[in-house]
Amino acid sequence: MAASLPPTVLDWQERVRSAHAHKTPLRIRGGGSKDFYGARLGGEVFDTRSYSGIISYEPSELVVTVRSGTPLAALEQALAECGQCLAFDPPHFGPGATVGGMVAAGLSGPSRAAVGAVRDYILGLELINGQGELLRFGGQVMKNVAGYDVSRLMAGAWGTLGLLTDISLKVLPMQRAQATLYYECTAQQALDKLSAWRAKPLPINASLWQQSGEGEQGHLLVRLRGAVAAVQSALDGMGGTMLDHGQADVAWLACREQQLPWFSDMDPSHALWRLSLPATTPVLPCTEAGLQPLMEWGGALRWVQAPMQHAQALQALAASVGGSAVCFRPGPQVGLAASDDFGFTPASPALRQVQQRLKQAFDPHGIFNPGRLGDWALS
């Protein structure tokens with residue numbers, strides 16, 4: 001089998017075997033567009049961009065297999081030329097984002113609540129484990145389920161379990177119709193609207209509420225996607241003001257890439273916190289006076305700006321409603337020390353045990369991205 005492998009993969013195996021033998025930590029890195037995330041970025045940089053390109057693409061089968069170092073923008077362009085897309089709307093956070101980084105980060109964009117997450121579109125993948133062994137899981141069709149859940153484990157593992165080489169993804173056709181509606185309302189009014197709409201068969205693909213100036217007033221954007229008749233029927237019954245397509249596209253791209261003024265005007269001494277909550281959760285008490293969260297995914301994803309010393313309070317607040325809170329980006333003046341936990345919610349003993357067993361199975365010497373997800377990844 002080894003003779004048929006691409007030279008880059010063979011080189012990668014040898015490098016990992018050497019790192020395993022010498023217990024040398026490796027920092028897996030694609031375009032580095034998500035280097036802001038994680039407790040610590042340690043180890044010798046292992047750049048994946050030399051292994052790039054689409055291996056196979058069958059538009060009629062809605063599946064593409066791609067090398068991990070392939071630029072995400074290049075894959076999206078190839079899909080768009082065939083009228084298809086990555087439905088989960090992955091954020092790039094920079095021009096160098098790669099497909100491997102997209103899977104490793106497991107981050108989805110505004111469409112996530114409607115269409116699913118990155119992991120839901122992974123059909124199969126190939127990786128090099130911490131001992132330099134090449135492993136394959138899943139396949140290139142939906143009905144090939146062998147190893148399917150193992151493939152999904154890599155989404156959101158941030159490279160701590162293995163070095164991705166080839167990835168097979170399910171793709172979808174672009175929707176025939178799209179429209180964005182605008183409403184002026186408070187955060188709670190937005191949540192009430194979204195709750196009422198969830199009970200109806202509406203083609204809501206994305207939502208965004210953000211504060212407008214001082215006070216509680218803000219505005220809600222709702223994106224509709226689907227068949228022409230479904231979108232038109234929703235427009236007739238949902239009220240609001242329809243935005244120009246160009247204006248709407250700019251707004252949703254800025255939302256996906258965190259380039260809205262709400263993000264860019266953040267106090268440099270604050271961190272950006274990501275709260276994953278039940279969509280039915282009402283407006284939570286603000287950490288700072290006058291600061292309202294930005295809300296996506298029908299209210300299930302809420303962004304909060306607050307100093308690092310509010311970590312325990314935010315985590316307790318999120319846990320009290322059945323959710324979680326994590327520091328997503330430290331501000332430029334936060335000044336994290338190497339020993340800081342980066343605001344990760346402590347895992348339960350049972351979950352921590354599962355994490356440690358997975359780490360031991362895939363990377364027994366802990367050479368891949370040590371410390372990026374907190375202390376458990378060092379175990």
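- Here the rule is side-chain contact (heavy atoms from CB on, under 4.5 Å) with Leu79, and of Leu169, Leu172, Ile54, Leu86 only Leu86 fits it.
- Note that the OG atom of Ser68 and the CG atom of Leu163 stand 6.5 Å from one another [nearest 0.5 Å].
- Side-chain atoms of Tyr37 and Val326, non-hydrogen and from C-beta on, do get closer than 4.5 Å to each other.
- Between Arg223 and Asp89, at least one side-chain nitrogen of the basic residue sits less than 4.0 Å from a carboxylate oxygen of the acidic one, meeting the salt-bridge criterion.
- Smallest separation of non-hydrogen atoms from Leu191 and Gly299: CD2-CA, 3.8 Å.
- No more than 12 heavy atoms of other residues, nucleotides or ligands sit less than 6.0 Å from atom CZ of Arg176.
- Counting only distance, with no hydrogens or angles, the side chain of Ser52 and the backbone of Arg49 share no donor-acceptor pair below 3.5 Å.
- Within a 6.0 Å sphere centred on CD of Gln178, heavy atoms belonging to other residues, nucleotides or ligands number more than 12.
- Residues Trp197 and Leu220 approach most closely at CZ3-CD2, 4.1 Å, considering heavy atoms.
- The distance from atom CZ of Arg302 to atom CG of Leu275, rounded to the nearest 0.5 Å, is 8.5 Å.
- Residues Cys185 and Trp209 share a closest heavy-atom pair of O-NE1, 3.0 Å.
- Under a 3.5 Å cut-off, the side chain of Gln84 and the backbone N or O of Pro59 do form a donor-acceptor pair.
- Remark: Arg136 CZ to Asp166 CG distance equals 7.5 Å, nearest 0.5 Å.
- Counting only heavy atoms from C-beta outward, the side chains of Thr180 and Trp252 approach each other to under 4.5 Å.
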Please determine whether ring-ring contact (aromatic ring centres under 6.0 Å, His included) holds for the pair Phe36 and Phe93, giving the CA-CA distance in whole Å, both sets of side-chain angles, and the decisive distance to 0.1 Å. CA-CA 10 Å; Phe36 59 83; Phe93 295 139; 5.6 Å; yes
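- Residues Trp303 and Gln258 meet the side-chain proximity criterion, which asks for heavy atoms closer than 4.5 Å.
- Side chains of Thr165 and Trp12: a donor-acceptor N/O pair is absent below 3.5 angstrom, by distance only.
- Within a 6.0 Å radius of CD in Glu133, more than 12 heavy atoms belonging to other residues, nucleotides or ligands are found.
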Applying side chain to side chain contact (heavy atoms under 4.5 Å, CB included), run through Leu5 and Gln13 and close with a yes or a no. CA-CA 11 Å; Leu5 293 176; Gln13 284 186 277; 3.5 Å; yes
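- With 3.5 Å as the limit, one finds a donor-acceptor pair spanning the side chains of Asn205 and Ser111.
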